[in-house]
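What follows is a set of notes on a single structure, which appears directly below.
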Amino acid sequence: MSFNHNKIEEKWRNYWLNNKTFKSNSQTNKEKFYVLDMFPYPSGAGLHVGHPEGYTATDIISRMKRMQGYEVLHPMGWDAFGLPAEQYALDTGNDPEEFTKQNVNTFRRQIQELGFSYDWDREINTTDPSYYKWTQWIFLKLYEKGLAYIDEVPVNWCPALGTVLANEEVIDGKSERGGHPVVRKPMKQWMLKITAYADRLLDDLEELDWPESIKDMQRNWIGRSEGAEVQFEIADHEETFTVFTTRPDTLFGATYAVLAPEHPLVEKVTTPEQKEQVNQYIEKVTAKSDLERTDLAKEKTGVFTGAHAINPINGEKLPIWVADYVLMTYGSGAIMAVPAHDERDYEFAKKFDLKIVPVVEGGDVEKEAYTGDGKHINSDFLNGLNKEDGIRRAIDWLEENGKGEKKVTYRLRDWLFSRQRYWGEPIPIIHWEDGSMSAVSEDELPLELPKTTEIKPSGTGESPLANIDDWVNVVDPETGMNGRRETNTMPQWAGSCWYFLRFIDPDNDQKLADPEYLKKWLPIDVYIGGAEHAVLHLLYARFWHKFLYDIGVVPTKEPFQKLFNQGMILGENNEKMSKSKGNVVNPDDIVESHGADTLRLYEMFMGPLDASVAWSTNGLDGARRFLDRVWRLFITDDNQLSHKVVDSVTEDSLEKSYHETIKKVTENFEDLRFNTGISQMMVFINEAYKAEQISKDYAEGFVKILSPVAPHLAEELWEKLGHDESIAYEAWPAYDEAKLVENEVEIVIQVMGKVRAKMMVDKNASKEELEQQALENASIKERLEGKTVRKVIAVPGKLVNIVAN
RNA sequence: GCGGGUGUGGCGGAAUUGGCAGACGCGCUAGACUUAGGAUCUAGUGUUUUUAAACGUGGGGGUUCAAGUCCCUCCACCCGCACCA
């Protein structure tokens, strides 16, 4: 008979909640372990089967660590600000707050039904004023330190959403959410100076236990590159401009210069004859969206300005061009072009028939640009030097002559922190009528988001808050001066930049969190979530954490010591699950039909945690079948403990298998290799079915190691085994290494590397003994008939290989 | 183009320091129990051909007594970045 999952799961779910079984205590002397999930955005669609994958993984770790004697912090909360709720509210006329609340309730119910061992007393919600009070507080600290500033920048304006998007929210020229077109438009925006932390964000990656691919993506995103800044004078003009180059050694090979279309000097230096052409070009380029600009960039375009720059190293006149392959946002928005040794410059020079002068030996400039190393030529005092020495010598020359200096540039830009939306944290700043600006004082936090039914975009680019007069208008009580509140709100990333800190002390109204508790719990020992947050969330959170470290709020330089990215669960047809494809699996349905334990087990057994694997209904059935097998092994049809389970067995046939299982499962879970750990549990159950008797010790040990994966079933079995306390804090079983090796081991005998026979030998048999016994083996002897044994390799405990011909 | 990763049965996937390839699960086949069932139990299941053997971890080459694992080379697919000077 199979077990009734609905009944059992409900029973234990309520038991855990009512008893607060998983409440963590910040004041114990136990060693701590902080296991964190990336908290979800509570969408209207409810939980996706992808969510429980990571959540089960962290839950297994949490449950195992508790049983191993750790004090475990395993919390859950809601990243509930954001565009979808606002869009929904706009579409339906509902209140985003109300909508969010409903979604959170659904998510909570679904998550609780899966039996995750969260401490629900620590539940947090980023839209809760008592939470975003501290998000705003951190913003004020950033502002105080000059790390939050207003800048007029060309931003990604999305007319359909009525808001500005960060670069990373724009995919292929369209909004990440919704896929609406995006254009560039200059606007005043709040920026966070993440670039001030670029080097530390880069360097400190070294000490983190993260997947190398994620570290690489962050390195790539930060994009540190070393080189030099070089000053160029302009013939017949007062102005000079600066270029950034990683190859100052090729300065003698510079044959023209390029300014980005947005470069302020373009207008000034363009000659009257070229004016018309240049203006037309710039008009064309700025009208292009980012998408078109990169797309059409396959073919280089540009226009000569008529002006000439002076190469500082040899006084040569270089034509100055405007071209959109040079980006205003990187370096100084201007380059010196060395077509002989840069592929982009080469392509451009070929197209517009510009001079190409090789300065490094090794390539053939008739065919292509040569970017490799080699002896310098045509380069005066650099001649004969290699690339590395050439660069050093060139920088020395620039610095000695006041023409430039060594310089490090980053691809990382400052973080565009404003959103013209309603459903976000208000930025606590007031703009006064005299043009000054001041921060809302700390004791006035939280600056609450006003209730309103008018959340349509104002249309002007300002957020809907601009239309709420009694909120937006303020009067200074002392001076009587009129002011206007900042109407921009924070982006969705803000709340998730520090939520892991609030879990540590969620109800503190004096501080973001108690320093003692922060010291106890940080850093996070394991953080699991999807790879889609590889750069943005993880980089922003690291940035805020480092800042909080600098101002003495947190005790660690990095928040997430170990990071792991779970893979995706694909639809049964191997495609990404989506409503339109009709391949979505709803966790509620599975919990109802197969049970939460089955879903947990199945998702962990599908494959490695980081792999993307297609859902399989048959596989799910198989997972349930295993749990049924476990149940039937221990429990009879009339719901009693099986007679197979005895206090002391007459023959301990399971000894080796049991110890092997405990060892493997413990190690595999530790390494997040749940699929192999589960397969070992299956092996044990298969063995146990064959055994006449099962000792109660083994039965209990097995139920314990099963409990992190299938906690409801394990609690029920634990009770049947005669216990009246939860299994959650029972000691994790130990294994005996000595029991893993039997006295007799099977040794393989190979001839010429091919297995020809097997023999049982004493586990301590020496090389010589192995060799001798192998050569005496009857079938081997037969095989060696007429051959000469050249060599015998014996590996104790493994094999003997005989080389003969 | 650059960076990272992955290629193993019909399918998902296992495989310490190089040491019996295919654990475990799914599927399939046969048998048992059955008012013959989408239940359970037992056995089998990489491929080719008869036992025995040969061939087998994307392709090719190499190192080694021994290679899924190490080296070289090529190919395919996935993820990220994409004119970053």
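Every chain is numbered from 1 and lettered A, B, ... according to where its sequence line falls, protein lines coming before strand lines. Scope of the values below: all heavy atoms of this structure, side chains included, with no hydrogens, waters or symmetry mates.
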Work out how far the [atom1] atom of [N] is from that of [M], and round it to whole angstrom.
N: B:C75; M: B:G61; atom1: C1'; answer: 15 Å
N: B:U8; M: B:C78; atom1: P; answer: 15 Å
N: B:C20; M: B:C11; atom1: C1'; answer: 25 Å
N: B:C33; M: B:U42; atom1: C1'; answer: 11 Å
N: B:C24; M: B:C41; atom1: P; answer: 15 Å

TODO: Could you tell me whether A:S225 contacts a base, only the sugar-phosphate backbone, or nothing, with contacts defined as non-hydrogen atoms closer than 4.0 Å?
DONE: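 Counting heavy atoms under 4.0 Å across all strands, the contact made by A:S225 is with sugar-phosphate only.
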
Open item on the list: Base, sugar-phosphate or nothing for A:P211? Non-hydrogen atoms, less than 4.0 Å.
Closed with: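 No contact.
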
Open item on the list: Under 3.5 Å for both donor-acceptor distances, Watson-Crick or wobble: does B:C33 have a partner, and if so which one?
Closed with: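 Its partner: none found.
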
Task: Counter-base of B:C55, judged by Watson-Crick or G-U geometry with both distances under 3.5 Å - done: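 Partner of B:C55: B:G46.
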
Open item on the list: What is the distance, to the nearest angstrom, from the OH atom on A:Y325 to the C1' atom on B:A82?
Closed with: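 Whole-Å distance recorded here is 17 Å.
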
- [ ] Indicate syn or anti for B:G9, taking the glycosidic torsion and treating anything within 90° of 0 as syn.
- [x]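 Judged by the O4'-C1' to base torsion, B:G9 sits in syn, the angle falling within 90° of 0.
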
TODO: Determine, using ring centers only, whether A:F348 and A:Y256 are less than 6.0 Å apart.
DONE: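 Yes: the rings meet the under 6.0 Å criterion.
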
TODO: May I ask you to check whether A:F669 and A:F674 place their ring centers less than 6.0 Å from one another?
DONE: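 Under 6.0 Å, so yes.
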
